[in-house]
Number of protein chains: 2
Amino acid sequence: MIPACQIQAISKRSPSVAEGRARPGGPGARMRDVAQAAGVSLMTVSRALREPHKLSEETRKLVLDAIQKIGYVPNSIAANLASNRSTVVGQIVPSIQNSLYADTVKGTADVLRMAGLHLLIADSGYSLQEEEALIGALLSQRVCGLILHNTDHTPKALQMIERAGVPVIETGDIPRRPIDMVVSYSNAAAAKAMTLHLASRGYSRIGFVSLETRNNRRSRERQRGYLAALKALGRPKDPLLIMEVPSGLAAGAHAMVDMVNRAPDVDAIFFAGDVLAIGALFEAQRRGWKVPERIAIAGFDDLDILQHTVPTLTCLRLPRLAIGRRSAEALLERLRGEGDSVRLDLGFEVIQREST
Amino acid sequence: MIPACQIQAISKRSPSVAEGRARPGGPGARMRDVAQAAGVSLMTVSRALREPHKLSEETRKLVLDAIQKIGYVPNSIAANLASNRSTVVGQIVPSIQNSLYADTVKGTADVLRMAGLHLLIADSGYSLQEEEALIGALLSQRVCGLILHNTDHTPKALQMIERAGVPVIETGDIPRRPIDMVVSYSNAAAAKAMTLHLASRGYSRIGFVSLETRNNRRSRERQRGYLAALKALGRPKDPLLIMEVPSGLAAGAHAMVDMVNRAPDVDAIFFAGDVLAIGALFEAQRRGWKVPERIAIAGFDDLDILQHTVPTLTCLRLPRLAIGRRSAEALLERLRGEGDSVRLDLGFEVIQREST
DNA sequence: CTGTTAGCGCGTTCAT
DNA sequence: ATGAACGCGCTAACAG
């Protein structure tokens with residue numbers, strides 16, 4: 001939580017006054033140096049940057065020219081300290097490398113940038129402990145808001161967040177007991193919808209493959225949705241048709257083969273994890289299994305590639321980018337003191353393609 | 001460059017002394033409150049966090065207990081200001097959504113986290129102007145180092161970096177005139193190697209498809225490498241065999257078809273851009289063109305998926321993750337005052353698979 | 001080993 | 001419209 005080591009970044013300088021003369025163009029000019037160069041007070045420089053309309057046009061130009069000339073870059077950490085504001089938002093995702101989260105991050109970053117805010121992105125590696133540590137680090141940096149792609153948190157994390165009093169947005173799923181604001185979709189509802197969709201297309205033995213549900217609420221919710229659909233259909237839960245596997249293309253391939261071996265009458269498999277469906281499709285190609293004739297395949301997330309494979313893959317389309325954008329917007333509203341606590345369900349779509 | 005709007009984040013509080021009594025557990029406890037609760041001076045609390053070994057075991061425990069009890073989260077922006085250090089490194093990539101850059105970011109983030117540093121990630125959207133603005137913003141946040149996945153910069157960006165005096169690492173290619181440190185590979189050398197590899201496997205009419213070279217040094221360098229290989233082979237440059245296309249799977253598909261139509265004797269195509277090769281492969285599957293018999297396909301970057309397609313795809317393997325890790329390590333060394341200016345070429349590998 | 005003093009670079013408040 | 005004094009929360013340098 002507390003940085004283990006702090007590293008010298010910028011060497012201490014004696015005050016420019018003591019240097020006899022400010023060094024225009026020298027490294028790390030301060031506001032004071034600009035003021036001196038422009039022949040005005042420090043405050044005038046400060047205003048020229050934050051409330052230019054409050055200065056006479058003349059003075060303003062004088063100051064801006066000096067800034068330009070000296071190459072002054074404002075120290076926003078000092079500004080933050082003095083004003084008790086921050087322009088940095090913290091976002092924690094399970095994995096930066098996963099392109100699904102990248103979409104959400106992109107949406108957030110774009111909106112925040114428009115508003116002049118910045119994004120400090122962290123990667124929890126799917127670990128609650130790591131998330132807790134990162135939350136501490138972000139709060140320590142005094143971020144003005146937190147966006148968490150996860151709806152499970154350690155007690156200590158919850159406590160820190162509450163004490164800090166910063167606005168928080170959760171985005172991984174619709175939590176039962178939200179910390180604050182929520183911008184998301186329901187994994188359970190999506191999985192249920194896809195299962196029902198497969199049933200409506202005539203598949204009677206529908207398998208379900210996901211990542212481990214143990215420490216992964218998203219997987220758990222998806223499995224729950226699948227089971228709810230079976231129940232709604234009046235079909236029994238068959239352990240042979242339910243698998244949990246590691247992530248990766250290879251895992252999807254193995255899962256499909258295993259399930260077909262164990263339950264030869266399976267006619268469709270719903271892969272509720274990242275790239276599992278693609279791995280399975282490639283394996284089917286390799287083995288010459290016709291998709292969807294021998295086995296239908298559906299995926300969870302609409303990766304670009306799914307509409308280019310042969311056959312193209314049926315999947316759910318989740319509003320990844322929109323979640324990122326709306327999260328940022330909700331945060332901005334709250335920071336402006338306008339909006340109240342947002343609880344958004346951004347829904348999903350079932351995309352029917354050739355593989356089912 | 002200067003945040004357009006600053007937003008109220010934490011409401012101003014009157015000093016806890018004036019509140020009559022510190023509010024233990026209240027929001028935003030300060031070091032002073034901890035000191036009071038522990039019955040020691042402010043400095044002792046500060047030391048308990050940064051140099052615990054300098055305190056008696058007794059005092060240390062006293063302080064840490066108080067911190068725990070109050071739920072104190074240190075304000076590292078105040079610490080930065082007072083100590084002139086920073087624990088945040090800035091990294092700018094062309095696109096967060098591109099999984100290739102995500103690998104580099106991951107490598108950087110992992111190493112930095114180990115050292116107790118954080119990563120402020122920004123996305124330039126492949127624009128030099130945007131990069132300039134982001135560099136300004138990051139310097140304004142007083143990052144202790146900068147990692148740029150790009151080796152072209154605006155004059156103003158260069159000037160700001162120089163004046164700030166922060167260590168910089170460039171990673172997109174081996175630049176001719178580096179700003180400071182470089183951790184990268186040579187796009188030209190890699191493209192040349194792949195072209196020669198294809199020739200050595202007997203392909204005589206090798207096509208080259210890349211993203212636009214106009215505003216993209218990486219593409220330009222790759223094309224240069226391809227041409228250098230042709231020259232080395234004593235083969236002529238044939239405009240029919242060179243294309244520039246937009247990014248995306250569909251672009252790769254179209255490029256392959258176009259090239260085969262224009263130059264029916266083409267026997268191999270080297271796709272030097274992200275997912276172009278995959279798009280082409282899928283199109284070949286769709287059309288029933290045998291790969292590599294009718295047309296051989298090679299890609300540039302070793303995405304996971306390339307080893308799972310049917311057939312598996314020949315490509316280059318670039319040290320994405322290693323670049324991120326070594327960048328962070330080089331930065332850390334410099335910050336510690338140890339290392340000197342690193343200029344690393346991390347090389348590449350040609351991965352021969354079924355598609356050639 | 002512990003405390004005291006000074007000030008990081010800027011914004012807020014009030015005076016002019 | 002402009003400026004001076006003060007303090008944000010913390011650390012460096014020194015004193016004891």
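Just so it is clear, the model here is predicted, and its values are computed rather than measured. Letters go in sequence order (proteins before strands), and every chain restarts at 1.
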> So with a 6.0 Å cut-off around CD of A/Glu51, is the heavy-atom count from everything else above 12?
Replying inline: yes

> Expressed in angstrom and rounded to an integer, what is the separation of B/Asn84 atom CG from D/dT11 atom P?
Replying inline: 13 Å

>> Let me spell it out: for each of B/Glu51 and B/Ile77, pick the nucleotide of DNA chain D with the closest heavy atom. Which residue's pick is nearer the 5' end?
In response: B/Ile77

>> Pairing donors with acceptors under 3.5 angstrom, does anything connect the side chains of B/Ser76 and A/Ser140?
In response: yes

> Between C/dC14, C/dT4, C/dC10, which one does the side chain of A/Tyr72 approach most closely?
Replying inline: C/dC10

> Quick one: which of D/dC14, D/dT11, C/dG11 gets closest to the side chain of A/Ser83?
Replying inline: C/dG11

>> Applying side-chain contact (heavy atoms from CB on, under 4.5 Å) to A/Gln91 and B/Ile121, what does each step give before you reach the verdict?
In response: CA-CA 11 Å; A/Gln91 181 164 30; B/Ile121 301 166; over 6 Å; no

> Quick one: is B/Arg50 getting a side-chain N or O under 4.0 Å of the D/dC10 phosphate, OP1 or OP2?
Replying inline: no

> From D/dT2, D/dC10, C/dC10, pick the nucleotide closest to the side chain of A/Ala82?
Replying inline: C/dC10

> Rounded to the Å, how far apart are A/Arg142 CZ and D/dC8 C1'?
Replying inline: 11 Å

> In whole angstrom, what separates B/Asn75's CG from D/dC10's P?
Replying inline: 5 Å

> Of all the nucleotides listed (D/dG9, D/dT2, D/dA13), which has the minimum atom distance to the side chain of B/Met43?
Replying inline: D/dA13

> Where the side chain of B/Ser56 is defined as all heavy atoms beyond and including C-beta, which of C/dC8, D/dC10, C/dC1 is the nearest nucleotide?
Replying inline: C/dC1

> Within this structure, what is the CG-to-P distance between A/Asn80 and C/dC10, rounded to whole angstrom?
Replying inline: 12 Å

> What integer distance in Å separates B/Lys61:NZ from C/dT2:P?
Replying inline: 15 Å

>> What I want to check is whether the side chains of B/Thr87 and A/Gln141 have a donor and an acceptor closer together than 3.5 Å.
In response: yes

> A/Leu62 has an atom CG; how far is it from atom P of D/dT2, in whole Å?
Replying inline: 10 Å

>> If the cut-off is 4.0 Å, is A/Thr44 near the phosphate of D/dT2, judged by side-chain N/O to OP1 or OP2?
In response: no

>> What is the distance, to the nearest angstrom, from the CG atom on B/Leu42 to the P atom on C/dT4?
In response: 10 Å

> A/Arg85 side chain N/O closer than 4.0 Å to the phosphate oxygens (OP1, OP2) of C/dT12?
Replying inline: yes

> Atom NZ of B/Lys54 to atom C1' of D/dA12: distance rounded to whole Å?
Replying inline: 11 Å

> What nucleotide among D/dG9, D/dG7, D/dC14 has an atom nearest to a side-chain atom of B/Arg47?
Replying inline: D/dC14

>> We want to know whether B/Ser341 and B/Arg334 form a side-chain donor-acceptor pair, criterion being a heavy-atom distance below 3.5 angstrom.
In response: yes

> Is a side-chain donor-acceptor pair under 3.5 Å present for B/Ser41 with B/Thr44?
Replying inline: yes

> Quick one: is C/dT4 close enough that its OP1 or OP2 comes under 4.0 Å of any side-chain N or O from B/Ser41?
Replying inline: no

>> If you assign A/Ala78 and B/His53 each to the DNA chain C nucleotide with the nearest heavy atom, which residue ends up on the more 5' nucleotide?
In response: B/His53

> OP1 or OP2 of D/dC10 less than 4.0 angstrom from a side-chain nitrogen or oxygen of B/Ser76, does that happen here?
Replying inline: no

